[in-house]
Amino acid sequence: MRSDSSGRASAIQGNLPAELDRFIGRTAELAELEGLLAASRLVTVTGVGGVGKTRIATHVAERLQERFCDGVWLAGLSALRDPELLEHALVESLGLTDHTSRPPREVLTAHLAGRQLLLVVDGFEHLVDACAALLLELLRGAPRLKVLAVGRRPLDIEGERTLTLPPMRAPDAEQFFADRAAARRPAFRLTEQNSARVRELCGRLDGIPLALELAAARMRALSVEQLLARLDDRFRLLTGGGRGVLPRHRTLRTAIGWSHELCTPEQRLLWARLSVFVGTFDLEAAEYICGGPDLPSEQILDVLGELLAQSVVVREDAAAGIRYRMLDTVSEYGADWLGSTGDTDRLRRRHRDWFLGLATWCELDWFSARQAGIAARVESELPNLRGAMEFSLEQPEDVHLAQHLAGALWFYWAGCGRLAEGRHWLSQVLEAESGYGAARLKVLWVLGYVSVLQGDAVAAVAALQECHEAAEQCGDATAAAYALHRTGCLALVSDDMPRAEELLRTAVTQYREIGELNSNVLMGQVELAMAVCFRGRLDEAAAICQDVVAVCEDHGERWAQAYARYVLAFEAWSAGRPDQARELLAACLSASHTFHDLLGTVLALELMALLTLEDGDAAEAALLQGAAGQLWTSVGLPLFGSAYYNAPHLRCARRAREELGSGAYEKLLAEGARLGTDVAVDRALHGPAPCEDPPPPAPRGARGRRAGTLKREVRPDQRA
């Protein structure tokens, strides 16, 4: 029996403690947990230490207690050590008094047999076998009993449904921290000035409520900035807790350490070794890097499965397949243990070697039908690839390996929307001395390539000239061909078409002589075709790109093929075949967007805008131009600053402004800039969504001009 706020007796039975502070967030998890309890008689909430399992379970139990006429009862087992006392603990939690000689299990079974009751069993993980056996027997003997179990692993018994509680989502975590911080320092509020710092703090603490609570407790003495500065030693910082808190929740270290104590030696060893990963990882990498005589690789799967069951490791289903990860807090705990064994450097070296091999394999396999999978794989592994480069840069004798890795990822930097990051790593690995080996020469031409695409001619010339001179001196014909190729590419975007054609034609010949064939080589042919097209030889440009498409189709290559289709679309538009141009552009845009290739995407969007205008829809063309303009800010110099590339853009802008009026045109440009890449690409491919209001019509008489009515040859003097 309980009393309500007026002191009158309440019919609600049970022993749930009253909540002392505000419950924040977890809307989706609350709904899911209530749904599971409605459908199942045994639900287990699992999750990493400190993630808030007990709080959400007791909160849901309190919300549901009116549905159980015999009450909601909480049995806390965290302090219990002897499995033989488990039955006695449940008897005590249910408030039962029995002075007979009956065994406590019999007392429990008899008491629960006919009752409609929710039993919340909290902190069973260290007694999992005994607890599973007892609860299974009770559930079988009491058909109206429901059990809500809370622990760091499932019970693994018949009829069990599980909810693995994730960390708090960012907005909830920020609000939670602010609420708890204000309880310690009443003047604290979330503001525009501190919100970014609070968001960073919550992110670095993985959104774990216990960590946020302990950090908030430090707000009595520290600012958010000071907390962030001290987080490198989070286990020393996040201590304290309040009176009445469970001992294992008084510091972050003991909360995570409790999970560690429950692990077997093999599980602890794998936990420590997995800490070398940055971000997510897959099973094959774990088996290679973490395996050894004391933990054979064939046992990794079983041990990893146990760490998953105990919420030390989390599974994620990604585009690249099944991935695993540890929260930063959990990983840092493992890193401390790994450091204490003196094995950190060896594991980091194995980690570097694995990802060096992965990058090499991905580069070779890029020229195949597996390009989309390679792009997704590298995207998933990027944090680990960064870690591998960082480790190699820390070792003077391994700098060449960092250079090899940065150069091998050229296809990702240039082809998957990572120009800025590629520029960062390429520049960084070049700063370290390693001599002019093949790895350094490759970094130089890749840096030149990236700089060209970003519109930085000065950096491109410096890198490509250094590469070509060094390659000539050491007789590296491959590096010399690539340097020549990318110098021709620079001439192309700098509007020097005769020089571009000469250099690119020579580079393509050199590739053929040394037997080089890959996506880069095909891109050289595409760029040669573009130079030829700009010089007015449309048929020759089309023939070159048709050959490229044929080779690409033979190999399943889609990235270079997208650019070849762009040139073919450009040629078709120039020759007055708009329907063919649109079809080719759609294929180009779809492929480029698949690879997150912002350059290919924005070039296709620019030309698609002009086709849309000439098809009679100036408003939609302006929207697409606005979206393209926003994309260029993430790529580099818009249209490379090239008069040739810019001519269709200027033609479209001039016509759209004439038809719509300057005010409407500018408004639609701004609206297009807010679309986002996915929406813009979808509009370009499929048109506006049917439910959208149509854009404002162009003035009467200005619409309806078809694409074939304009002269198509593009020259740099065709300006607005």
Side-chain angles (χ1 to χ4, degrees), residues 46 48-49 125-126 128-129 132 151-156 162 164 256-318 320-362 365 373 377-378 380-381 383-385 387-388 390-392 395 398 401 405:
T46 66
V48 70
E125 54 272 338
H126 57 302
V128 61
D129 292 334
R152 303 194 185 193
R153 58 165 304 138
L155 288 159
D156 287 330
T162 60
T164 300
I256 304 299
W258 175 243
S259 292
H260 199 260
E261 288 182 26
L262 298 173
C263 291
T264 64
E266 292 79 13
Q267 293 162 15
R268 294 177 188 176
L269 183 60
L270 182 57
W271 180 346
R273 291 179 176 176
L274 290 175
S275 69
V276 299
F277 287 104
V278 188
T280 64
F281 57 91
D282 63 15
L283 178 60
E284 290 75 16
E287 287 175 331
Y288 173 81
I289 295 167
C290 302
D294 45 0
L295 186 61
S297 59
E298 59 269 19
Q299 294 181 16
I300 296 288
L301 176 58
D302 291 336
V303 181
L304 180 63
E306 284 300 309
L307 292 179
L308 284 163
Q310 296 181 63
S311 304
V312 172
V313 176
V314 180
R315 168 180 163 158
E316 295 182 352
D317 295 319
I322 297 173
R323 312 280 301 171
Y324 308 96
R325 68 179 175 90
M326 291 195 294
L327 298 178
D328 288 349
T329 302
V330 176
S331 179
E332 186 171 323
Y333 191 95
D336 287 348
W337 271 77
L338 185 63
S340 69
T341 67
D343 209 20
T344 300
D345 283 348
R346 185 183 71 85
L347 264 293
R348 289 190 69 195
R349 192 171 298 278
R350 287 178 68 84
H351 174 275
R352 189 274 314 282
D353 292 347
W354 172 268
F355 286 102
L356 183 65
L358 177 70
T360 303
W361 171 78
C362 285
D365 216 34
R377 179 72 181 274
V378 175
S380 294
E381 300 290 14
N384 285 301
L385 291 163
E390 288 170 353
F391 178 74
S392 295
Q395 322 296 320
D398 290 345
L401 298 178
L405 213 165

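These numbers come from a predicted model, not from an experiment.
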If you look at every heavy atom in [X] and [Y], which pair is closest and at what distance?
X	Y	result
F355	L385	O-CD2, 3.6 Å
L347	C290	CD1-CA, 4.4 Å
A320	S380	CB-OG, 3.5 Å
L308	V314	CD2-C, 3.8 Å
L270	L304	CD2-N, 3.6 Å
H260	R268	O-NE, 3.0 Å

State whether a side-chain donor-acceptor pair under 3.5 Å links S331 with S275.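 On atom types as modelled, these side chains do not qualify, holding no pair under 3.5 Å.
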Is any side-chain heavy atom of [Y] closer than 4.5 Å to one of [X]?
X	Y	answer
M326	L307	no
I322	D317	yes
P154	T164	no

Row check, Y288 ring normal vs R350 NZ/CZ: under 6.0 Å, within 45°: yes
State the [atom1]-[atom2] distance between [X] and [Y], to the nearest 0.5 angstrom.
X	Y	atom1	atom2	answer
L274	I300	CG	CD1	7.5 Å
L405	E390	CG	CD	11.5 Å
E332	L327	CD	CG	12.0 Å
R348	L338	CZ	CG	10.5 Å
N384	F281	CG	CZ	9.0 Å
L358	R377	CG	CZ	4.5 Å

Do the side chains of R273 and D294 get close enough for a salt bridge, i.e. N-O under 4.0 angstrom? yes
In terms of the angle between their ring planes, are H126 and W258 parallel, tilted or perpendicular, with boundaries placed at 30° and 60°?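 Answer is perpendicular, since the angle exceeds 60°.
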H351 vs F277 aromatic rings, parallel, tilted or perpendicular, using cut-offs 30° and 60°? perpendicular
Within the side chain of [X], is there an N or O that forms a donor-acceptor pair under 3.5 Å with the backbone of [Y]?
X	Y	value
W271	V330	yes
R325	T280	no
Q267	T264	yes

Please evaluate residues R349 and Q395 with respect to the criterion side-chain contact (heavy atoms from CB on, under 4.5 Å), reporting the C-alpha separation (whole Å), side-chain torsions for both, the decisive distance (0.1 Å), and the verdict. CA-CA 10 Å; R349 192 171 298 278; Q395 322 296 320; 4.3 Å; yes
Test E284 against W354 for side-chain contact (heavy atoms from CB on, under 4.5 Å), laying out the working first. CA-CA 10 Å; E284 290 75 16; W354 172 268; 4.0 Å; yes
